[in-house]
Colleague: 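Sending over a structure as structure tokens; questions will come in a sec.
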Amino acid sequence: MANVSPAPCADDPPAVDVAANLAAVAAHVQAAARAAGRDAGEITLIAVSKGHPARRIEAALAAGHRSFGENRVQEAMDKWPALRAEWPGAALHYIGALQTNKARDAVAFADAIHAIDRAKLARAVSHEMERQGRRPDCFIQVNTGAEPQKAGVPPEDLDALVTLCRDELVLPVSGLMCIPPASDDPAPHFALLRELAARHGLAQLSMGMSADYRSAIAMGATHIRVGTAVFGPRPAP
Ligand SMILES: *Cc1c(COP(=O)(O)O)cnc(C)c1O
């Protein structure tokens, strides 16, 4: 085994200049917004910190960044209480598939939930909001690619879910979210999401990741969810 190099330790990822990455992404956001005739100030960069240690998140906080995304309830609850105590202005966006039995925790810690995709979950989130007196912004996730394994409401079922969320449950629904199929050109998916949001008078569009956030901005994204381009590759879990 003499030639086997030691496995990298999950707590000790390769050095990444998070502040420089944030500045580079911000410059790309500015340029993409300008090209689309938009104001970059209406675009929120959610730095997706899933899989990264608190130390790396602190580098972003120290650089002045305040919006973050996590996709696992337990991981977020492990990492964020200490970070929030030190940086009370930090905002956490929950961006992962959400099980109904995690609605309580998600409502308790998230400032926004980008994962509402079915009636049962919407009811659970609404119940928890009432119980806890917290009202995180809600985004309805749409499965624009109709992928069977992926979270998100099928586009043809969106009308009914929006009606339930807004009229019956009075959830604070601010917009729609999508994750296009990895193999597709994302632009038509972003265009579809924009069209669906316009139809329902929803102003916010959560779309675009490291590989395609510029295209998402051209299509009207108000929230881009960028992980790798900010924090570097995620350590193996
Ligand atoms: C991980 C994740 C991202 C960020 O992906 P990158 O390619 O690292 O930018 C964005 N959105 C969701 C829902 C994710 O799970």
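First listed ligand is number 1; within each ligand, the first listed atom is number 1.
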Colleague: Looking at E128 and R131, is any side-chain nitrogen of the basic one under 4.0 Å from a carboxylate oxygen of the acidic one?
Modeller: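 Looking at R131 and E128, the cut-off is met.
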
Colleague: Tell me yes or no: between the side chains of R56 and S49, is some donor less than 3.5 Å from an acceptor?
Modeller: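 Short answer, no.
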
Colleague: Which heavy atom of the protein is the closest neighbour of atom 8 (O) of ligand 1, given with residue, atom name and distance?
Modeller: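 Residue, atom and distance for the closest contact: T228 OG1, 2.5 Å.
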
Colleague: Identify, for atom 5 (O) of ligand 1, the protein heavy atom at the shortest distance, and state residue, atom and that distance.
Modeller: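 The answer is M209 CE, 3.5 Å.
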
Colleague: Around atom 12 (C) of ligand 1, find the nearest protein heavy atom and jot down its residue, atom name and distance.
Modeller: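 Sorting protein heavy atoms by distance from atom 12 (C) of ligand 1 puts I95 CD1, 3.5 Å first.
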
Colleague: For ligand 1, which atoms, with element, lie under 4.0 Å from some heavy atom of V226?
Modeller: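 Taking each heavy atom of V226 in turn, ligand 1 has 9 (O) under 4.0 Å.
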
Colleague: Quick one: nearest non-hydrogen protein atom to atom 6 (P) of ligand 1, plus distance?
Modeller: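 The closest one turns out to be S210 OG, 3.5 Å.
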
Colleague: Just jot down the ligand 1 atoms closer than 4.0 angstrom to any heavy atom of R225, in number order.
Modeller: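 In order of number, 4 (C), 9 (O), 10 (C), 11 (N), 12 (C), 13 (C).
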
Colleague: Determine whether the aromatic ring centres of residues H93 and F139 are separated by less than 6.0 angstrom.
Modeller: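 Between H93 and F139, which both carry aromatic rings, the centre distance is not below 6.0 Å.
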
Colleague: So D137 and H114, side-chain hydrogen bond (donor to acceptor under 3.5 Å, both in side chains) or not? Walk me through it.
Modeller: CA-CA 8 Å; D137 277 346; H114 296 234; over 6 Å; no

Colleague: Have a look at L196 and tell me which of L205, L202, L176, D159 forms a side-chain contact (heavy atoms from CB on, under 4.5 Å) with it.
Modeller: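 The option that passes is L176.
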
Colleague: At a 4.0 Å threshold, what atoms of ligand 1 neighbour a non-hydrogen atom of I179?
Modeller: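 Within the 4.0 Å cut-off of I179, ligand 1 contributes 13 (C).
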
Colleague: Polar contacts were defined as any N/O atom of the residue lying under 3.5 Å from an N/O atom of the ligand; does this apply to G227 and ligand 1?
Modeller: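 Right, the criterion is met.
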
Colleague: Looking at K50, which atoms of ligand 1 are within less than 4.0 Å of one of its heavy atoms?
Modeller: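 What qualifies from ligand 1 is 1 (C), 2 (C), 3 (C), 14 (C), 15 (O).
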
Colleague: Taking non-hydrogen atoms only, is H114 closer than 4.0 angstrom to ligand 1 via side chain, backbone, both or neither?
Modeller: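 The answer is neither; H114 stays 4.0 Å or more away.
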
Colleague: Quick one about T222 and E42 (side-chain donor to acceptor, distance below 3.5 Å, no hydrogens or angles considered), yes or no?
Modeller: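 No, because no side-chain N or O of E42 sits under 3.5 Å from a partner of the opposite role on T222.
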
Colleague: Checking side-chain polar atoms at under 3.5 Å, does H189 have a donor or acceptor matched by the opposite partner on D184?
Modeller: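 Side-chain D/A pair, H189 to D184: present.
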
